[in-house]
Every structure is written in structure tokens, then in C-alpha cells.
Amino acid sequence: MTQRPEVDPAAPTLDQARRQIARYGLAADPQAILVAARLMTAGARLGQAGEVHFGRFGLSTGRYRLLADLEDHGGEKSPSRLAATLGVSRATVTGLVDGLEREGLVARRPSTEDGRGNVVVLTARGADRLRELAPEHFARMQSLVGGLTVEERSTFLDLLARVVAGIDALTAD
């Protein structure tokens with residue numbers, strides 16, 4: 001059986017959730033509120049840690065994701081397809097590509113499919129950067145979830161997919 005780590009003392013508690021719900025006279029489930037609050041706290045901490053992690057390699061999380069997406073799709077993709085795959089705006093992709101292009105990790109070239117548009121191409125230097133960071137990156141990623149068994153990781157993936165399916169609840173009109 002896996003030992004449970006201590007809960008972060010700064011993390012929201014069930015008592016806090018109960019008090020907040022009572023304060024506003026709501027009928028919400030305190031445990032559901034606690035799970036959502038802890039997930040949001042963990043997401044923020046994970047995002048910050050990711051930036052530190054990728055900063056070691058002279059990248060940001062967004063820049064890494066763009067490079068990896070290009071590599072996974074044959075080294076070339078349109079900016080609009082990159083935006084859709086990464087779940088960001090075209091303007092964000094433009095900013096990421098501008099920075100990566102300055103470093104020689106990607107290049108723009110005219111699209112062979114659509115003469116009016118451009119595609120973003122992973123350069124040899126960009127592919128080399130991914131290859132160089134891969135051993136440390138994947139070792140750290142494995143360590144991130146090293147406290148979970150194979151079965152727990154499988155369950156976690158299922159639960160995470162269900163939580164992600166509910167994300168629109170935060171942004172829906």
C-alpha cells in the first residue's frame with residue numbers, strides 16, 4: 001500500500017470549504033468544493049514548477065509544447081493548427097513562434113497546401129534541443145508521479161479525464 005504524503009498546510013481544508021459555503025448560505029457539497037479548490041491550487045503550483053523546469057533548458061512550457069507538437073506531427077504545422085492543438089490563440093502562437101524563430105529552433109516558410117499562408121517548421125537546432133533535454137525531462141516527469149503505483153496512475157488518468165471534461169463549468173456563460 002502506498003504511503004500518503006502530508007497535505008500542504010497552505011492547501012484549502014474541508015473546514016474552510018464548509019465555512020465558506022455556510023457564510024454564503026449555499027447548499028454546495030463541501031467535499032466537491034474542496035476537491036476543486038485543491039485541484040486549482042495544484043494546477044497553479046504545477047504550472048509554476050513547469051516554468052522552472054523548462055527554464056533550465058531555455059524554454060517556457062508553451063515553447064516546449066509547441067516544439068514537441070511540431071516534432072509529433074512531422075516537423076511542420078500551420079499556426080492555426082498549432083493554436084488548436086495547444087489550446088491557445090493564434091496571437092499566442094505567433095508570440096511563441098517569434099521567440100523560437102529568433103533562437104533558430106523553428107522557421108516559417110510558405111505553405112505548399114495554401115500559397116497564402118505559412119507553416120512553422122521545426123529546425124535541426126530545434127530537434128537537437130528536444131533530444132538534448134529529453135533524458136532529464138522524462139526522468140523528472142516520471143519522478144513527478146513516482147509516488148503512484150501503475151494502478152493508481154491508471155485511475156488518476158481516468159479521473160483526470162472526467163475532471164477535464166468538467167472544466168467548461170468554470171467558463172460557460
Side-chain angles (χ1 to χ4, degrees), residues 1-73 77 79-100 105 129-130 133-173:
M1 181 161 293
T2 305
Q3 182 179 354
R4 291 182 181 240
E6 300 262 337
V7 174
D8 177 356
T13 67
L14 189 56
D15 284 340
Q16 284 175 312
R18 285 186 180 116
R19 284 194 306 271
Q20 289 174 347
I21 290 166
R23 182 178 310 126
Y24 300 115
L26 303 174
D29 175 1
Q31 186 186 44
I33 300 305
L34 177 63
V35 169
R38 290 240 181 118
L39 185 61
M40 292 174 81
T41 299
R45 289 187 63 195
L46 187 57
Q48 292 166 346
E51 292 305 326
V52 170
H53 169 65
F54 289 113
R56 290 181 180 99
F57 308 107
L59 297 170
S60 65
T61 303
R63 286 178 171 196
Y64 170 78
R65 289 183 63 220
L66 190 145
L67 291 172
D69 191 56
L70 283 174
E71 186 178 56
D72 286 345
H73 291 90
K77 210 171 195 186
S80 59
R81 286 185 53 221
L82 282 166
T85 303
L86 300 176
V88 299
S89 69
R90 283 280 312 266
T92 297
V93 166
T94 298
L96 292 170
V97 170
D98 287 346
L100 291 166
L105 303 177
R129 176 76 59 91
L130 289 172
L133 71 82
E136 183 177 346
H137 170 60
F138 288 107
R140 287 177 183 267
M141 294 286 282
Q142 186 169 321
S143 292
L144 175 67
V145 296
L148 302 176
T149 66
V150 171
E151 295 80 19
E152 289 168 331
R153 290 192 307 256
S154 180
T155 299
F156 184 78
L157 287 170
D158 176 56
L159 295 172
L160 188 59
R162 289 192 264 164
V163 170
V164 167
I167 286 176
D168 289 345
L170 292 176
T171 58
D173 291 337

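Partners of Arg90 under the salt bridge (charged side-chain N to carboxylate O under 4.0 Å, His left out) rule, at least two apart in sequence or in another chain, do not exist in this structure. Applying the side-chain hydrogen bond (donor to acceptor under 3.5 Å, both in side chains) test to Arg140 and every residue at least two apart in sequence or in another chain returns Glu136. Phe156 pairs by the ring-ring contact (aromatic ring centres under 6.0 Å, His included) definition with nothing, not counting sequence neighbours. Considering only residues two or more places apart in sequence or on other chains, Glu71 meets the salt bridge (charged side-chain N to carboxylate O under 4.0 Å, His left out) condition with none of them. In this view, Arg45 and Asp8 satisfy the side-chain hydrogen bond (donor to acceptor under 3.5 Å, both in side chains) rule, not counting sequence neighbours. In this view, Asp29 satisfies the salt bridge (charged side-chain N to carboxylate O under 4.0 Å, His left out) rule with no residue, not counting sequence neighbours. Remark: Asp72 engages no residue in a salt bridge (charged side-chain N to carboxylate O under 4.0 Å, His left out) (not counting sequence neighbours). Thr92 meets the side-chain hydrogen bond (donor to acceptor under 3.5 Å, both in side chains) test with Ser89; sequence neighbours excluded.
Within the structure, salt bridge (charged side-chain N to carboxylate O under 4.0 Å, His left out) pairs that include any residue of residues 18-27 comprise Asp15-Arg18 (at least two apart or interchain). Applying the ring pair (Phe, Tyr, Trp, His ring centres under 6.0 Å) rule to pairs touching residues 33-54 yields His53-Phe57, His53-His137, Phe54-Tyr64, Phe54-His137, sequence neighbours excluded. The list of salt bridge (charged side-chain N to carboxylate O under 4.0 Å, His left out) pairs with a residue in residues 49-65, not counting sequence neighbours, reads Arg63-Glu103. Pairs passing the side-chain hydrogen bond (donor to acceptor under 3.5 Å, both in side chains) check and including a residue from residues 160-173, sequence neighbours excluded, read Asp158-Arg162.
Counting only heavy atoms from C-beta outward, the side chains of Leu148 and Thr155 never approach each other to under 4.5 Å. Thr41 has its side chain within reach of Pro12: a pair of non-hydrogen atoms, C-beta onward, lies under 4.5 Å apart. Taking the side chain as every heavy atom from C-beta outward, Val164 and Ile167 approach each other to under 4.5 Å. You'll find the side chain of Leu82 stays beyond 4.5 Å of the side chain of Leu96, heavy atoms only.
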Working for side chain to side chain contact (heavy atoms under 4.5 Å, CB included), residues Leu59 and Leu105: CA-CA 11 Å; Leu59 297 170; Leu105 303 177; 4.1 Å; yes
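The distance from the CG atom of Leu130 to the CG atom of Leu67 is 5.0 Å, given to the nearest 0.5 Å. Residue Leu39 holds its CG atom at 11.0 Å from CG of Leu34, rounded to the nearest 0.5 Å. Separating the OG atom in Ser60 from the CG atom in Leu100 is a distance of 7.5 Å, to the nearest 0.5 Å. The CG atom of Leu170 sits 5.5 Å away from the CE atom of Met40 when rounded to the nearest 0.5 Å.
The shortest heavy-atom contact between Ala11 and Arg38 is CB-NE, 3.6 Å.
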